[in-house]
2 protein chains.
Amino acid sequence: MATRQGLDAETVLQAAIDLADQQGIEQLSLAALATKLTIKTPSLYNHIKGLPDLRKQLSKRGLLLVKEAMVEAVIGKAEDEALLAAGMAYVDFARKQPGLYEAISALPDYEDPELKEVGAGVVSFLLRILAPYGLSEEDALHVVRGFRSMVHGFASLEHRNGFRMGLDRDESLRRLLQTYLRGLRVR
Amino acid sequence: MATRQGLDAETVLQAAIDLADQQGIEQLSLAALATKLTIKTPSLYNHIKGLPDLRKQLSKRGLLLVKEAMVEAVIGKAEDEALLAAGMAYVDFARKQPGLYEAISALPDYEDPELKEVGAGVVSFLLRILAPYGLSEEDALHVVRGFRSMVHGFASLEHRNGFRMGLDRDESLRRLLQTYLRGLRVR
DNA sequence: TATAATAACTAATGTCATTAGTTTTGTAAA
DNA sequence: TTTACAAAACTAATGACATTAGTTATTATA
């Protein structure tokens, strides 16, 4: 072996993200990851705690990045326009980083404190966008659930080729969100 | 060993469903399944082709049953009332058969012809409910995508404890669907 | 009763994740 | 510059899996 490369946790995580995005989260194994990094599998344990830990890191990073994408997308926008842009950004994220998105979505342990915190960050972001609607706290929380259900459901179905008709997908998403928002206006 | 028990494919599938519902689809292994059936792992190969095949069977059965549940739920109902009932039935199914629901939803290979066919059955069921709305074919397909996104997204988030506020979940789903349906009316 | 099909079995292989214990390497202190 | 320590890599070993091949036993049928 040549000189050691001095991997760190972030490099390992990035390589794992690449693998997950390219081959799917199911195919992400420590063996494959070690091969990609040209080290032996047990050496990974210097940087991660194990496979479950790695998956958790992917989930957390995914949640952070998807929120970041939504924050970026709503700059200069408000109300319906902002919600539409946030929804599109969410789905676009799932398209561009499918493995990371799977990591968010195939998550078993949502009870983990770290993930709870990041998840709460997404919710409070959405609540801030909803502020101008003047909803009660309870109403707003129902809307947040609705919004998350729509975009997650759409992204998830699209990801698994659940939409098989030759129908424009962006248009489907736009209509879904707009129809919902229209319904919200006319209460 | 005593007399052989004469297992068949259906019994094996049922046992697999039980395991998946109780412990989650991730925990469903051939080893665990064989133990439950008091046989050795290789004996399973008399009834299934392998683990991927078993998963596919679970997905197919899940799709069939969830459609059945929706069909049953809309008896005597039409339009908004029918769509609401179908959505509730979908989510209820995910609650009662979480493993089977995971099998539908964690599915990689949606290209499989058998699954394609069952999935198409769900879509045509929804199209029939939408008939009275007098939508164009294209509009109706967008609505079907929207409906599937909403209910799948909701069920999926709920399944992973994605809803952490102490807010009534049935109420959230009802509002989501009703808001969408209201938006559909007021175009 | 004999035979064929089927359901079970044992044995073996290969892929994983994981742990324990060891060697090497880079860096920082003496 | 040398020494010492921490970190990053390694080898070896274990145990859980899925899967295949080949074998035995049981049920049903001819």
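Letters A, B, ... are given to chains in the order of the sequence lines, protein chains preceding strands, and every chain is numbered from 1.
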Pair A/Glu171-B/His142, side-chain donor/acceptor within less than 3.5 Å: no
Between P of C/dC9 and CD of B/Gln5, the distance in whole Å: 8 Å
Check: D/dA7 base within 3.5 Å donor-acceptor of A/Asn46 side chain: no
Under 4.0 angstrom between B/Ser43 side-chain N/O and C/dC9 OP1 or OP2: yes
Within 6.0 Å of NZ in A/Lys36, more than 12 heavy atoms from elsewhere: yes
Value in whole Å for how far the P atom of C/dT24 lies from CD1 of A/Ile39: 18 Å
Protein-nucleotide distance (B/Asp8, atom CG; D/dA28, atom P), rounded to Å: 13 Å
A/Arg174/A/Asp168 ion pair, N-O < 4.0 Å: no
B/Asp53 and B/Lys56 ion-paired at < 4.0 Å: no
Short side-chain N/O contact to C/dA8 OP1/OP2 from B/His47, under 4.0 Å: yes
Gap between atoms CD and P, on A/Gln27 and C/dT15 respectively (whole Å): 15 Å
For nucleotides 17-20 of chain D, give me every protein contact, N/O to N/O, under 3.5 Å, one pair per line with atom names.
from   : atom 1 : to      : atom 2 : distance (Å)
D/dA18 : OP1    : B/Leu30 : N      : 2.6
D/dA18 : OP2    : B/Leu30 : N      : 3.2
D/dA18 : OP2    : B/Ala31 : N      : 2.7
D/dT19 : OP2    : B/Tyr45 : OH     : 2.5
D/dT19 : OP2    : B/Leu51 : N      : 2.8
D/dT19 : O5'    : B/Tyr45 : OH     : 2.8

Nearest-angstrom distance from the residue atom NZ of B/Lys40 to P of D/dA16: 14 Å
Modelled atom types, side-chain donor and acceptor of A/Ser43 and A/Asn46, under 3.5 Å: no
B/Arg185/B/Glu79 salt bridge by N-O under 4.0 Å criterion: yes
